[in-house]
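The analysis underlying the following values was restricted to heavy atoms, covering all of them including side chains, and did not include hydrogens, waters or symmetry mates.
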Amino acid sequence: MTSEPDKKKPIWRRYFLWGMPVAGIAAAFVGGIIFWGGFNTAMEATNTKDFCISCHEMRDFVYEEYTGTIHDVNRSGVGAVCSDCHVPKDWTHKIIRKIKASKELYGKMVGTINTREKFEAKRVHLAMNEWERMKSSDSRECRNCHDFESMMPEFQKPRARQQHLNAMTVGQTCIDCHKGIAHSDARDRADEEYLEKLEAPNPSFIREIPPEYLASLERIEAKEAAEAEAEKAAKQAQHEAVQAQIAAAVDAAVAEERAKAGGEEAAAPSGGGGGSDVGSDIDWNAVAAADLKLFYPGQASFEWVQNGKFHGGARPLTKGGDQCTTCHAKELDTIGNKIVAGGELEPTPIPGKRGVIDATVQAAHDDQNLYVRLQWPDAGHNPAPFVDGGKMDPDNQIKVAMMITGTGIELGEQVGCWASCHADNSYMPFDPGAEAIAANGDVSGRLNTQDTVTKYISESRTEVEIKGRRGKALGGWDKLQAAEQIEQYLADGTYLDLMRVYADGSATNGYLLEQRVVNDGEIAASASLDAGMWTVVFTRPLNSGAPGDVPLEVGQTYTVGFAIHDDFAAARFHHVTLDTSLALDDDSAFINVVKQ
């Protein structure tokens, strides 16, 4: 019997690949593409700004803060949306992030942050979650758009270029410094110990400095050096013109006095009795002048600069050994003008007060004495609105101070005279006030004061509060060391040598330790205002041997600071320098004290 021919198998059963029907594989592949495409499309839809702000919590709270920031609107025209910062780009980390974020749906359902009050209560916790995520990934999402190789120093401010250089060298990452750049900054609401641990350098983040960065740094530094030389030459020409103008004004005054005296010899006016012959043996025309920029500091105290919650440079200062000038030397105009206008660091601004004073300083010495001359332009009178008559110190239109840093002072070589500026000094935010000072009879008696706290150095206190934990007042005015310990500090040279010159040319010599002290050290000075220019000259022995006088020797470099109270100012309403170096016969120092 003839068998029936075999029926042909369906095509999907005729062809196999790896033991599986090809048609089945193709169907699964197409289905996978459809599923994957749908899944990916849905997931990417959750990355859009519109999706993110579809919840009122995001729209009304965080999106409001983001609008108008540099990540929303900038000169490149390319804004970053929520997912650019908060969702990783690579698949693995993206899925992990989405899974973790799914618990936010529960928060939405139960209304965890559905009101402004609830959101603000959770803000620090939410911010900390993001800070920790970004820290753990070396700010991966930031670096999707920003890269050290493309962050050229030529287009950065001096402080930014220095901090980025530090970051690459020690192992810091973007989020260590750049919190609150798209939303309200919650950093100052986080615990200081937490921040210190979070922002500590991570050695695994250390990276080689890109050649492009170094080349750009070299170009901008060369450009700035050339500009500085040109500016120096222009200022020197201006200085010489002013000196000629002052000399003419003095000659005219002398001639006038002689005419009044019937031709008798008359001395040139010196501004009020300080001894016009001070430094007269010095040929100031042969002494190079250094440009001295003094800026208005407001209430930025020694505690403030060490507190990372307020001062972004606290870690480089206290942990990295940076000087104040490392970051701020080239931005004093900006800082001074910002502070003097009023705000967090100046709650009682004086309308019209200048933010910086551009002065010149010259220094010379002979075998026995130091001679210093400062000159700066007068700026007229701007009354202080919180003082009757507008003049805080009516008897002194100006006062000049110079401080020389002694040995063993905390951060003394880095901050100079800032080491004596505390948050509880007069007119500072934690000024205890006359009543509290008088009530603490033991301390006020030893300090011989009833209503003010003068400057002091931290070593003179058993404790100085820097962090302000649990609402503690910053500073330590009432935590005075034992008298024996303070005497030992004085003997050891742990103090700030202080010289002060007043508008009438009188002067005092002293030091800062537990308070401002006037000692028996020698000093002579003169002060005059001619042709709109103040000139202050003072001299003191190189080594007087008096307690509180830092001996000045060839071969040593000293950290000094200058302060000018102009416009009848007193207390903290002055202009100051940052750390400044001074040395005898050493042109590597900022102020070279030349032999005459």
Within 6.0 Å of [atom1] in [X], more than 12 heavy atoms from elsewhere:
| X | atom1 | answer |
| --- | --- | --- |
| Glu208 | CD | no |
| Glu227 | CD | yes |
| Lys118 | NZ | yes |
| Glu120 | CD | yes |
| Tyr427 | OH | no |
| Lys338 | NZ | no |

Can you tell whether the side chains of [X] and [Y] come within less than 4.0 Å, N to carboxylate O?
| X | Y | result |
| --- | --- | --- |
| Glu57 | Lys122 | no |
| Lys319 | Glu199 | no |
| Asp176 | Arg315 | no |
| Glu514 | Arg446 | no |
| Lys197 | Glu132 | no |
| Lys330 | Glu224 | yes |
| Arg116 | Glu64 | yes |
| Asp138 | Arg207 | yes |
| Arg97 | Glu130 | yes |
| Lys479 | Glu463 | no |
| Asp185 | Lys179 | no |

Is there side-chain contact between [X] and [Y], with at least one heavy-atom pair below 4.5 Å?
| X | Y | answer |
| --- | --- | --- |
| Lys455 | Leu496 | no |
| Met151 | Gln156 | yes |
| Val560 | Phe590 | no |
| Ser216 | Tyr213 | no |

Just by modelled atom types, is the [Y] backbone N or O under 3.5 Å from a matching donor or acceptor in the [X] side chain?
| X | Y | result |
| --- | --- | --- |
| Gln306 | Ile466 | no |
| Thr452 | Ser426 | no |
| Thr325 | Leu578 | no |
| Asp72 | Gly68 | yes |
| Lys309 | Glu192 | no |
| His574 | Arg572 | yes |
| Thr454 | Arg516 | yes |

| task | Indicate, with yes or no, if the rings of Phe573 and His565 have centres closer together than 6.0 Å. | result |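 Centroid separation for Phe573 and His565: 6.0 Å or greater.
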
| request: May I ask you to check whether His422 and Trp477 place their ring centres under 6.0 Å from each other? | output: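 They do not qualify: ring centres at least 6.0 Å apart.
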
| message | Give me the atom names and distance for the closest heavy-atom approach of Pro297 to Trp418. | response |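 Looking at all heavy atoms of both residues, the closest pair is CB-CH2, 3.6 Å.
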
| query | Which atom names give the shortest non-hydrogen contact between Asn425 and Asp431, and what distance separates them? | reply |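 Reported closest heavy-atom pair: O-CB, 3.4 Å.
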
Any donor-acceptor pair under 3.5 Å linking the side-chain atoms of [Y] with those of [X]?
| X | Y | result |
| --- | --- | --- |
| Thr559 | Asp579 | no |
| Asp90 | Thr92 | no |
| Asn307 | Glu303 | no |
| Thr348 | Glu346 | yes |
| Asp586 | Ser588 | yes |

| Tyr456 six-ring centre to Arg461 NZ/CZ under 6.0 Å and within 45° of normal |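 Yes, a cation-pi geometry holds between Arg461 and Tyr456.
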
| Test side chain to side chain contact (heavy atoms under 4.5 Å, CB included) applied to Thr494 and Thr405, Ile409, Ile486, the passing residue |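 Exactly one candidate clears the test, Ile409.
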
| request: Let me know which of Asp322, Leu411, Thr326 forms a side chain to side chain contact (heavy atoms under 4.5 Å, CB included) with Leu317. | output: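 So, applying the side chain to side chain contact (heavy atoms under 4.5 Å, CB included) to Leu317 and each of Asp322, Leu411, Thr326, only Leu411 qualifies.
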
| So Asp333 and Phe295, side-chain contact (heavy atoms from CB on, under 4.5 Å) or not? Walk me through it. | CA-CA 7 Å; Asp333 287 278; Phe295 73 103; over 6 Å; no

| request: Indicate the ring-plane relationship of Trp304 and Phe310, choosing parallel, tilted or perpendicular according to the 30° and 60° boundaries. | output: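 Rings of Trp304 and Phe310: parallel, under 30°.
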
